[in-house]
Every structure is written in C-alpha cells, then in structure tokens.
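The structure appears right after this line, and notes come after that.
Values below: all heavy atoms of this structure, side chains included; hydrogens, waters and symmetry mates excluded. Just so we're clear, the structure is a prediction, and the values are computed from it rather than from any experiment.
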Amino acid sequence: MKYRASLSMLKVNRKIYLSNRFFAGLLVIAMLFILAYPFPWIYFMAQLALLCLIALTVTDAAWLVTSRQSITIRRKAPVRLSLGDENPVSISLQNTFPFKVSVEVIEELPFEFQKRDFNISYKIEPDEEKIIDYVLRPLTRGEYRFGQTNVFVSTSLGFVIRTIKGNNPQSIPVFPSFISMRKFELMGISDRLEEIGIKHTRRTGQHSEFDQVREYVPGDDPRTVNWKATARKGSLMVNQYQEQRSQQVISMIDMGRVMEMPFEGMSLLDHAINASLIISNMAMIKHDRAGLITFSDQVHSLIPAERKGGHLQRIMQVLYNQQTNFNESSYEKLYITIVKKIKQRSLLILYTNFEGLPSLNRQLPYLKKIAVQHLLLVVFFENTEIRQLAEQDSGSTREVYVHTIARKFIHDKKVMANKLKHAGIMSLLTPPENLSVDLINKYLEIKAREMI
C-alpha cells in the first residue's frame with residue numbers, strides 16, 4: 001500500500017491557555033484569602049502563594065512560548081482508503097524542546113467516522129519521537145477530508161498549555177475493498193484459500209484444454225496415461241490438462257433502491273461492489289476475462305470483459321463512482337443491453353435483493369431470457385437480523401406474531417431460491433458478511449464443473 005506523509009515544519013505558535021492546574025491553584029489561594037478574615041496570620045501565606053503561582057506561571061509560559069523549538073507533526077496515511085477494511089494511519093510527534101513535555105493529541109478525523117473522542121495523552125522526552133498508530137474503517141465511498149492535528153503541549157509545571165496545530169489537512173478517496181481483494185489474491189497465489197473459507201472443489205470430468213505431457217506422480221488419474229509417450233520414454237507419462245481459459249465473467253450490479261438496505265454500517269450496494277471487485281480479480285487470476293455492468297432505471301456503465309493490463313484499475317475506478325438514484329430497476333433495459341453488447345456465452349453474476357415473491361415474479365421473465373444464452377447466477381442477500389429475531393424465544397403474544405412474520409420472510413427467501421432453480425437459473429442466497437467467500441466458492445465450482 002502506498003502512503004503519503006503530510007509534514008508540517010511548524011512556526012512558533014504563541015497561542016497559549018491557562019490549564020486546569022492553574023485554576024485549581026488559584027482556587028486554593030482564594031480559599032486562603034477567605035480564611036485570612038478569621039485567621040489574620042494566614043494572610044501572609046496567601047500573598048506568598050499568589051506570588052509563587054504568578055512566578056511559576058510566567059516561567060512556564062516563557063519556556064513554552066519564547067523557545068525556538070517546538071513539536072514536529074507528521075501524519076502518515078494511505079493514498080486511498082479501502083472500503084469496509086481497517087486502514088492503518090499514524091501520527092509522528094518529534095519533540096525538539098530541550099525539556100520533557102506532556103502532550104495531548106486531538107485528531108480532526110473526517111466527519112463520516114463520527115468520532116469525537118480521539119484524544120490521546122503522552123509524555124515525550126527531549127529529541128524523542130512518538131508514533132501514534134490507529135485504524136480507520138470507512139463504510140461509504142467518496143472523498144474523506146482530514147482536518148488538522150491539534151497538539152496541546154505543557155511542561156512539568158503544567159500551569160500553561162501551548163496549542164500547536166499541524167498544518168496537514170488531507171483529502172483521501174475511499175475505493176472499493178482493494179485490501180480484501182489483495183488478501184484473496186495472495187491466498188490464491190500461495191494456495192492457501194482454505195484458510196479463509198474457500199473450499200477445494202473436486203473437478204468432475206476431464207478438462208478439455210491440453211497443457212503438456214509429464215512424468216507420472218503418485219495420485220495422478222490413471223485415465224490420463226499417455227501410452228505412446230510412455231513407450232517412447234520408457235517411463236510412465238501422463239497428459240496434463242488445464243482449466244478452460246478466456247471465459248467471460250461479468251458482474252451486473254443492481255443500483256436500485258433495494259440495494260440501499262444497510263448491514264453493519266454498509267449498504268448492500270457497497271457489499272456487492274466489494275464482492276464484484278474481488279471476483280473480477282479472481283477471474284483474471286484464473287485467466288478469465290472480467291467485465292462489469294451497473295444499472296438501475298437505466299444502464300449506468302458497461303465495461304467489456306477483458307484481461308489486459310490496467311483493466312482491474314479501470315473496473316475499480318468505475319465502481320468508485322457508482323451511486324444509487326433510488327429508482328426502480330429496469331431489467332428490461334438490462335436484457336436489451338446484454339443482447340446487444342455480449343455476444344459470447346458468459347457467466348453473468350447479478351447482484352440484487354428480492355425482499356418478496358412479487359418483486360421476483362416481476363423480473364423473472366427477463367431473467368429467464370438472459371439465462372437462455374448465458375449462465376446466470378443471481379446473488380441476493382439473507383437478512384441476518386430477521387434470522388436472529390426468528391430464533392429468539394417468544395415470551396408474549398406480540399412476540400409470537402413478530403417471530404412468525406420473521407420466519408415467513410426467511411421461508412420466502414428459500415422459496416425464491418427454489419423458484420430460480422426451477423427456472424434453470426443458479427442462485428446464491430448469502431449473508432452480506434459471507435458474500436465474497438461464498439461467491440468465490442460458487443465461481444470455482446462452476447469452473448470445476450465446466451458449466452460455462
């Protein structure tokens with residue numbers, strides 16, 4: 001991940017405040033003056049305490065204000081943030097004062113995070129550098145604006161506080177989840193996908209694309225023995241086949257109002273966008289070609305299936321700019337676009353959400369037409385909150401009604417999946433948090449069964 005550091009070599013900031021310790025001392029001195037009325041001998045002690053407080057405060061202020069040294073502030077943040085992932089950010093504080101200081105750091109985070117309690121205190125020795133690490137998990141795409149880093153500095157006396165502001169405002173874009181995409185990519189390259197829930201799919205049948213002839217190793221299918229090569233070589237040789245390549249995998253994202261339902265702070269649309277980026281990258285790793293269609297009441301974007309350099313960045317850039325317009329989605333226009341633009345039989349992955357049988361019945365005729373020429377996989381979402389509600393015990397008549405309705409919603413989702421199956425359409429009903437893993441498993445199963 002690329003980072004950029006926002007560095008402020010700060011000018012001397014003479015904006016100072018009196019601390020709570022000063023006012024606490026002033027309150028004690030005021031009490032001494034009050035007690036001096038019945039006890040006159042306390043009056044001299046009160047005067048002496050007041051002079052000491054003034055002297056210490058002036059000395060404290062002189063140390064902080066007149067010194068040429070200061071606190072150097074650097075913020076190190078990614079060039080772009082990953083949607084739904086934990087993104088590391090750090091703040092570096094370099095103490096150039098010749099004495100030990102106490103600092104209180106208040107970071108002006110983007111308002112999208114709604115964090116008003118970023119307040120960290122440290123003690124820093126002379127010439128010491130302190131690194132403050134924290135993570136941010138953005139839940140919406142777009143530009144996130146960081147404000148200044150405010151550092152409140154005080155000496156060991158603690159009567160005066162000097163404010164130092166880091167001149168480091170930044171605007172950082174939040175892109176679809178490229179951190180998760182890279183995690184799946186690295187796991188796939190190192191053949192460790194099982195660690196994150198990707199199942200090893202057993203291949204059925206024989207792959208049609210010949211790769212090479214090689215020596216037999218224990219565990220090879222005896223049916224792949226090449227007897228002619230074995231006779232020539234004098235040792236057992238087998239044919240090695242590879243998965244079919246250059247197949248088209250096209251993600252179709254419904255951006256209608258049904259995809260604005262929130263789940264764990266993110267909309268279903270953002271979950272679908274993250275998953276489509278991950279499956280596009282996985283398809284290209286498997287030497288397939290990835291494409292993209294986004295639509296609502298009209299088709300908003302269409303990226304033809306490719307596998308050339310920079311294609312994944314193009315998909316990411318298009319996904320970054322997609323927003324719903326809360327209109328009813330037109331599957332008729334989607335079908336017309338597919339007929340006109342996609343000539344080769346392809347795996348079409350449709351991300352949508354059907355909350356009831358009537359909404360599925362309205363779109364089913366178009367889905368059937370699409371499935372005639374292409375392999376269609378409909379991805380829709382299980383409402384986990386309704387499932388949790390349905391699994392609760394009923395303690396009153398009202399709760400019985402609520403739990404019964406929740407179970408009906410769950411049953412309707414299963415009926416919709418069966419209805420798609422009877423229409424010859426594959427479906428994937430999954431919780432949003434498991435979408436990427438379940439989708440990759442389904443894609444690998446389709447590849448292994450050579451269904452495209």
Side-chain angles (χ1 to χ4, degrees), residues 82-86 137-141 176-181 183-184 187-188 193-201 251-282 319 322 324 329 347-357 359-360 363 367 376-393 402-421 425-446:
S82 178
L83 177 66
D85 297 316
E86 292 187 345
R137 182 174 179 262
L139 299 177
T140 56
R141 286 165 290 118
S177 181
F178 54 87
I179 290 181
S180 295
M181 179 193 72
K183 180 182 71 173
F184 282 103
M187 289 293 186
L193 286 173
E194 291 84 357
E195 298 179 13
I196 51 178
I198 306 300
K199 302 174 184 177
H200 179 72
T201 305
S251 297
M252 305 186 303
I253 303 177
D254 183 352
M255 298 201 306
R257 56 175 173 261
V258 296
M259 296 293 283
E260 277 300 303
M261 180 181 295
F263 180 82
E264 292 187 351
M266 289 172 54
S267 67
L268 294 182
L269 175 61
D270 284 324
H271 282 286
I273 284 175
N274 283 349
S276 63
L277 180 65
I278 291 171
I279 199 66
S280 297
N281 186 49
M282 183 63 65
L319 289 173
Q322 299 304 307
T324 182
S329 298
L347 170 60
L348 304 182
I349 304 175
L350 173 63
Y351 304 85
T352 187
N353 194 39
F354 300 116
E355 283 300 323
L357 284 169
S359 60
L360 173 61
Q363 314 301 348
L367 299 180
L376 178 60
L377 172 62
V378 177
V379 179
F380 59 114
F381 299 93
E382 177 185 350
N383 195 323
T384 53
E385 293 182 359
I386 289 181
R387 176 170 292 280
Q388 293 172 1
L389 183 63
E391 292 173 352
Q392 294 176 0
D393 296 330
V402 171
H403 296 165
T404 301
I405 294 172
R407 294 187 184 100
K408 182 181 183 303
F409 274 109
I410 295 172
H411 176 72
D412 285 348
K413 290 281 189 176
K414 296 179 179 178
V415 170
M416 285 185 272
N418 288 329
K419 195 163 189 176
L420 289 169
K421 181 179 179 181
I425 301 171
M426 293 190 303
S427 64
L428 178 61
L429 176 60
T430 178
E433 72 270 22
N434 297 337
L435 174 58
S436 297
V437 172
D438 291 344
L439 183 58
I440 292 176
N441 280 326
K442 195 71 175 179
Y443 166 69
L444 295 178
E445 176 189 345
I446 292 170

Original post:
Can you find a pair of side-chain heavy atoms, one from Met266 and one from Arg137, that are under 4.5 Å apart?
Top reply: yes
**OP:** Indicate yes or no: at least one non-hydrogen side-chain atom of Tyr351 is less than 4.5 angstrom from one of Ile279.
**Re:** yes
Subject >> Separation between CG of Leu420 and CG of Leu350, rounded to the nearest 0.5 Å >> reply: 9.5 Å
Subject >> Backbone N/O of Ser177 and side chain of Asp85: donor-acceptor pair under 3.5 Å >> reply: no
**OP:** Side-chain contact test, heavy atoms from C-beta onward, threshold under 4.5 Å: evaluate it for Leu377 versus Lys442 and give yes or no.
**Re:** yes
Subject >> Spatial distance of atom OG1 (Thr384) from atom CD (Glu264) [nearest 0.5 Å] >> reply: 7.0 Å
Original post:
Would a 4.5 Å heavy-atom cut-off, applied to side chains only, mark Phe184 and Asn281 as touching?
Top reply: no
**OP:** Could you pull out all residues at least two apart from Ser267 that satisfy side-chain hydrogen bond (donor to acceptor under 3.5 Å, both in side chains)?
**Re:** Asp270
For residues 385-392, run the donor-acceptor check on the side chains, cut-off 3.5 Å, and write out each pair with its distance to 0.1 Å, sequence neighbours left out.
residue	atom	partner	partner atom	Å
Arg387	NE	Glu382	OE2	2.3
Arg387	NH2	Glu382	OE2	3.3

**OP:** Tell me, with the steps shown, if Thr430 and Leu439 meet side chain to side chain contact (heavy atoms under 4.5 Å, CB included).
**Re:** CA-CA 9 Å; Thr430 178; Leu439 183 58; over 6 Å; no
Subject >> Heavy-atom check, side chain of Arg141 versus side chain of Leu269, under 4.5 Å >> reply: yes
Subject >> Interatomic distance, Ile278 atom CD1 to Phe178 atom CZ [nearest 0.5 angstrom] >> reply: 12.0 Å
Report all side-chain donor-acceptor pairs from residues 408-417 shorter than 3.5 Å, counting only partners two or more places apart or in another chain.
residue	atom	partner	partner atom	Å
Lys408	NZ	Asp412	OD2	3.0
Lys413	NZ	Asn353	OD1	3.2
Lys413	NZ	Phe354	O	2.8
Lys413	NZ	Phe381	O	2.9

**OP:** Tell me, please, which residues at least two apart from Tyr443 pass ring-ring contact (aromatic ring centres under 6.0 Å, His included).
**Re:** none
Subject >> Ile253 vs Leu319 side-chain heavy atoms within contact, under 4.5 Å >> reply: yes
**OP:** Kindly compute the distance separating CD (Glu433) from NE2 (His271), expressed to the nearest 0.5 Å.
**Re:** 8.0 Å
Original post:
Of all residues at least two apart in sequence or in a different chain, which pass the side-chain hydrogen bond (donor to acceptor under 3.5 Å, both in side chains) check with Asp254?
Top reply: Ser329, Tyr331, Thr352
**OP:** For the residue pair Pro432 and Leu268, establish whether any side-chain heavy-atom pair is separated by less than 4.5 Å.
**Re:** yes
Original post:
Once you round to the nearest 0.5 Å, how far does CD1 of Ile179 lie from CE of Met181?
Top reply: 10.0 Å
Original post:
How far does CG of Leu367 sit from OG of Ser427, to the nearest 0.5 angstrom?
Top reply: 11.0 Å
**OP:** With the side chain counted from C-beta on, respond yes when Ser180 and Ser82 share a heavy-atom pair under 4.5 Å apart, and no when they do not.
**Re:** no
Original post:
Where do Ala275 and Leu435 come nearest, in terms of heavy atoms and distance?
Top reply: CB-CD2, 3.4 Å
Original post:
Who are the salt bridge (Lys or Arg N to Asp or Glu O under 4.0 Å) partners of Arg257, not counting sequence neighbours?
Top reply: Glu328
